Structure formats: structure tokens, C-alpha cells
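Everything quoted here is computed from the prediction, not taken from an experiment.
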2 protein chains.
Amino acid sequence: MSEWYQHAAAVLPNPSGNIAERRMAPPALAISTVIFALKPSVNSGRPTLWLPLVRRIREPFKGQWALPGGPLVHDESLQEAASRNLLETTGLAPRYLEQLYAFGGLHRSPSQRVVSIVYWALVQSEEAELPGEEENVRWFRADRVQGLAFDHQEIVDYALWRLRNKMEYASIAYHFLGEYFTLAQLREVYEAVLDRPLDPANFRRHVTNAAGIEPSDRYLQGGKHRPPRLYRYTGPAPSSTTAPNSTSAENRGTP
Amino acid sequence: MSEWYQHAAAVLPNPSGNIAERRMAPPALAISTVIFALKPSVNSGRPTLWLPLVRRIREPFKGQWALPGGPLVHDESLQEAASRNLLETTGLAPRYLEQLYAFGGLHRSPSQRVVSIVYWALVQSEEAELPGEEENVRWFRADRVQGLAFDHQEIVDYALWRLRNKMEYASIAYHFLGEYFTLAQLREVYEAVLDRPLDPANFRRHVTNAAGIEPSDRYLQGGKHRPPRLYRYTGPAPSSTTAPNSTSAENRGTP
DNA sequence: TTAGTTAGGGTCACATTGACTCTAACTCAG
DNA sequence: CTGAGTTAGAGTCAATGTGACCCTAACTAA
């Protein structure tokens with residue numbers, strides 16, 4: 001799973017060249033993903049932001065935790081590469097996947113220069129269960145990760161910042177939830193991401209006035225108290241409003 | 001100036017290999033930039049958005065206009081590469097330069113797969129004068145470009161969309177202007193980008209209440225009418241608030 | 001039946017915003 | 001020197017959005 005680095009080096013012109021030769025080689029291209037999910041906190045039980053990390057089994061940074069990532073393989077777009085690699089390394093198949101940023105600092109990797117195009121994903125709580133095949137994948141609280149390999153700490157911080165900014169005006173929150181959800185659940189998503197309590201009444205007013213969310217005639221049963229109404233998100237899919245469809249079939253682009 | 005494609009191919013493992021061999025080669029990395037400047041419209045004389053394009057002197061798309069771009073050279077960060085290439089191809093050295101998006105569709109370039117990390121820049125009207133050395137660089141109205149090489153039309157549209165969205169709440173507008181500017185000039189920037197008229201009085205109230213802009217004791221003389229006061233932007237530099245400093249010296253990142 | 005808890009509706013004060021009016025300050029024509 | 005024309009810049013008013021509070025409805029558990 002983390003052998004991609006070796007694999008990528010194998011097709012490069014100077015896989016075992018000296019330093020001067022390596023500097024002449026073009027930078028390697030990698031795809032990584034920051035995956036966010038809401039899971040209940042260990043202490044309070046309230047939903048908080050978590051993300052899965054993969055333990056490195058090779059140098060450099062052997063034994064440390066890193067973002068899931070891999071090489072860009074022929075015949076797949078950037079998004080396809082992120083999606084496939086995510087499935088291979090963590091077993092997750094997020095429905096929401098968007099490009100975050102391209103990191104291309106000179107000394108990100110000690111051996112060879114690597115440019116990483118980083119994606120970020122949101123997964124629902126139900127599908128966030130790791131297939132648990134391996135002990136080398138584990139969930140961490142997003143605001144407490146540290147000691148990551150490479151510059152992945154910086155990447156996680158940037159992803160968190162972008163997530164909080166995008167929550168302010170966008171419809172991302174729904175991607176943490178299933179098809180049907182209560183307003184209290186939606187409010188908990190916002191509270192977890194923004195890290196501050198919100199007034200329930202004002203939140204209701206705000207979200208019911210907004211377009212793209214509609215009440216259903218179903219109610220959530222089984223609680224200890226009055227059953228809340230279930231709502232559905234009927235707004236537009238987010239990918240078209242946020243990035244160009246560089247995956248479209250009939251474009252021929254470059255430089 | 002546009003020979004970089006050839007140059008990049010020269011260091012790849014299979015520069016003249018057949019199709020099957022080329023498909024095994026890693027994707028080439030390129031840096032391109034969308035440069036925006038405000039220039040007076042030919043008809044109305046009101047400021048409108050313009051951008052410089054470079055005429056391709058080689059296949060593919062020989063003779064068509066394309067975004068300035070080039071290869072990513074060793075020992076320079078992504079942003080440095082964009083900045084250097086901009087100077088080489090257009091002679092411009094924008095002060096505002098930010099990463100836009102990474103385009104990595106499969107068929108962007110007919111011959112070989114190319115992943116382009118695209119930057120965008122804002123330049124002031126004064127410095128927007130092309131050194132004019134060549135006839136292969138020309139300014140075009142941003143909302144009227146067409147027939148561009150590769151998928152550059154799509155890239156320009158996306159950059160325009162991002163620019164308009166970012167104007168709503170940000171301090172980008174100042175980068176189109178010099179150090180001192182009148183409120184009417186600043187309003188014209190907004191009107192040009194957002195493509196709709198704004199109420200002068202309300203705009204004044206909005207912008208004077210906002211932080212980061214301060215009145216000076218200087219006035220713009222020489223007009224036909226009452227001289228307007230000159231203002232200055234004293235807010236924070238934008239690059240830190242919008243993207244991580246992946247150029248920082250002591251990080252070691254990758255995957 | 002009653003206590004406890006959440007759902008969900010409402011009120012009030014305050015800030016923000018669009019549309020509009022009015023006066024001050026300057027230039028230019030005569 | 002005088003008045004017309006134009007823009008700068010301050011102010012008004014109504015509509016709307018928002019935070020901080022209620023209050024009652026509806027359900028569960030004891």
C-alpha cells in the first residue's frame with residue numbers, strides 16, 4: 001500500500017542515480033487525500049472531526065503516520081486516482097471528493113522531489129467504519145494529530161481551515177449525513193466543524209429558510225423524547241459549483 | 001518561450017517511444033498562469049478585465065493562443081516556477097500570485113499526458129504594459145476569449161468564476177490598483193469584475209467601515225471636478241490567509 | 001399521572017443593506 | 001467674477017437578516 005513510492009521511482013529515468021542525476025529528474029507526481037468523518041468523541045460523546053491515517057512501513061518516516069496517498073497511474077484522472085487509492089489504502093469510498101491544493105515545496109521528501117496534489121473527502125458516519133483489515137490504518141481526532149510524516153501536518157491544518165471556511169456558506173454539511181437527518185443532527189455537524197455551540201432555534205430558522213433542504217413526512221423514532229422530523233437535502237450536487245469538470249471527455253488540455 | 005514542451009519531453013524516459021511506451025511514462029508536470037489586469041474598454045473606456053495570451057509557435061495547436069506556461073524546473077517551488085515563467089514569456093512580474101487549480105484530465109494534450117498546476121495573478125494597470133518585444137503576446141478581453149489551445153478556455157472560465165467569488169468578501173481588489181487610489185477607482189474595480197453597477201454612496205459606506213483601508217491626507221488633483229481623497233490599503237498581505245506556505249524552508253513533505 | 005426533555009414556534013433589539021436625497025467642493029465657460 | 005455642471009461625500013428611511021431570548025407542544029420514562 002505504501003510501496004507506491006518505490007513503484008513510481010521504477011519508471012523514473014534515474015531510479016538509483018546519484019544526487020546530481022536525481023536533481024535533473026522531473027518531480028514525481030503523487031495524489032493524497034484528507035478524509036474527514038464525524039465520530040463521537042471518546043469523552044463527551046458529542047460528534048467531532050476524525051480522519052484516518054496510514055502507518056508508513058518504509059523509509060522515509062517509517063513507522064510514522066501519514067495521509068493515504070499513492071502514485072498517479074496512467075489512464076485515470078486525478079480524481080479517479082484519489083478515489084482508487086483511497087479504496088486500496090483505507091477501504092473507504094467517499095461520495096464527496098474534491099481537490100484541495102497542490103503542494104510542491106522543494107524539500108517535502110528527503111530523497112526525491114515530489115509534488116502532491118491533495119484531495120479532501122467527507123464520509124458519512126455509517127460508511128466511515130474501516131474494513132479493519134489492517135492495523136496500519138487508524139482514525140485520529142482531526143484537531144489532535146501530530147508527528148505526521150512529511151509535511152502532512154501542514155496539509156491537515158490547511159484542510160481543516162478550508163473546511164471551516166466552506167461551512168459558512170455552503171452545502172457541504174449534508175455530506176456528513178445520510179439521506180434523512182434531523183435538524184439537530186445537522187446542527188451537530190456545524191457545531192463539530194465550527195467548534196462552537198449554535199442556538200437551536202436560530203439554526204432552525206436559518207436552515208429552513210435556505211433553499212435545498214426540504215422536510216419529509218417521516219420522523220425519527222426511538223429517542224427518549226419527542227420525535228424530531230426528518231429532512232432531506234435536495235440541493236444541487238456540489239462538484240459542479242466548486243470546480244471545473246476537468247474529467248470531461250472531449251477536452252484536450254495541457255500547459 | 002513555448003519550447004518547454006520539447007524540453008520537458010527531453011528528460012522523460014521515452015521521448016520518442018511509441019504510444020504504448022509513452023503511456024507507461026509518468027505524466028509531465030507543467031505550470032501555467034492566468035493573469036488578470038484592468039484596462040479601459042475600447043468602446044466605453046470603462047475598465048474591464050483583460051488577460052495576456054501567448055501564441056503557440058509549435059504543434060500541437062500551432063498558431064492558436066494559449067496561457068503562458070512552462071515546465072517545472074528543479075530547485076524552484078511551484079510559485080517560483082510560475083513567477084519565473086511569467087517573466088520569461090510575458091515580461092510581467094505580478095505582485096499577487098496564487099494557486100488556482102490542478103488540471104489533470106487524461107486527454108488534455110494530444111501527444112503526452114500533462115498535468116498542469118495553474119496559478120492566477122493580478123497586475124496593476126501601470127505594470128500591465130507588455131514589454132512588447134514580441135508580437136506573440138497580446139492582451140484579450142477576459143470575457144471574450146475563444147478558440148484557445150488545449151483546455152485553456154475552461155481554465156480561463158474557472159479563473160473568472162473564482163475571481164468573482166473571491167471579490168465578494170476579500171481584499172483582492174486592491175491588487176489591481178496602486179498604493180494610492182480613490183474610492184471611485186476602487187468601485188470601478190468591483191464593477192468591472194462583478195459586471196454590474198454599484199451605488200457610490202453605499203459602496204463608500206461599505207468600504208470605509210471595513211478594516212484594512214485608511215484615508216490619506218492626499219487628494220487626486222487634475223480632474224475636472226471636485227478632487228477626491230486618496231486612500232491606502234493597510235490590511236494583511238493575502239497570500240498567508242488563503243494558502244499554506246508550502247515554500248517554507250524547513251518542511252519535508254511528500255505523498 | 002407526572003416529571004423530564006427535546007421539538008419547534010414566536011418576540012424583541014440590533015446591525016446590515018439597498019434606494020434615495022441633499023449639500024459641499026471643485027472646474028470650466030462666459 | 002459669476003454661474004452652470006459635475007462629482008465627493010454625508011445623511012435618511014425602510015426592509016431584511018441575525019443573536020439572544022422566551023414559550024408551548026409532544027413525546028418518553030417512571
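A donor-acceptor contact closer than 3.5 angstrom links the side chains of B:Arg205 and B:Asn202.
Protein atom OH of A:Tyr219 is 11 Å distant from nucleotide atom C1' of C:dG8, rounded to whole Å. A straight line from CG of A:Leu183 to C1' of C:dG9 spans 13 Å, rounded to a whole angstrom. One can place CG of B:Asp199 at 11 Å from C1' of C:dT17, the figure rounded to the nearest angstrom. A straight line from OH of A:Tyr231 to P of C:dA7 spans 11 Å, rounded to a whole angstrom. A:Phe203 places its CZ atom 17 Å from the C1' atom of C:dG9, with the value rounded to the nearest Å. Taking atom CG of B:Leu198 as the reference point, atom P of C:dA19 lies 10 Å away to the nearest angstrom.
A 4.5 Å side-chain heavy-atom check between B:Tyr119 and B:Glu98 finds every atom pair outside the cut-off. For the pair B:Leu163/B:Trp120, a side-chain contact is recorded, criterion being any heavy-atom separation below 4.5 Å from C-beta on. Side-chain contact between A:Phe181 and A:Leu230 is absent, with no heavy atoms from C-beta onward closer than 4.5 Å.
Salt bridge annotation for A:Arg232-A:Glu179: present, with a cationic side-chain nitrogen under 4.0 angstrom from a carboxylate oxygen. With respect to the salt-bridge test (charged N to carboxylate O, under 4.0 angstrom), the residues A:Glu80 and A:Arg84 do not qualify.
Between B:Phe140 and B:Trp65, the two ring planes are perpendicular [angle over 60°; tilted spans 30° to 60°]. Using bins of under 30°, 30° to 60° and over 60° for the plane-to-plane angle, the ring pair B:Trp161/B:Tyr158 lands in the parallel bin. Ring orientation note: the planes of A:Tyr233 and A:Tyr174 are close to parallel, at an angle under 30° on the 30°/60° scale.
A residue-by-residue look at A:Arg229 and B:Ala201 shows that A:Arg229 has its nearest nucleotide of DNA chain C further toward the 5' end.
Residues from residues 205-213 of chain B lying near DNA chain C, meaning a heavy-atom separation below 4.0 Å, are B:Arg205, B:His206 in numerical order.
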Taking N or O atoms only and anything under 3.5 Å, show me the protein contacts with nucleotides 25-30 of chain C, one pair per line.
from   : atom 1 : to       : atom 2 : distance (Å)
C:dT27 : O4'    : B:Lys224 : O      : 2.5

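For DNA chain D, the outermost nucleotides in 5' to 3' order that have an atom under 4.0 Å from a heavy atom of chain A are D:dT18 to D:dT28.
Taking the centre and axis of the six-membered ring of B:Tyr180, the NZ or CZ atom of B:Arg218 falls inside the cone set by 45° and 6.0 Å.
Atom CZ of A:Arg141 sits in a crowded spot, with more than 12 heavy atoms from other residues, nucleotides or ligands closer than 6.0 Å.
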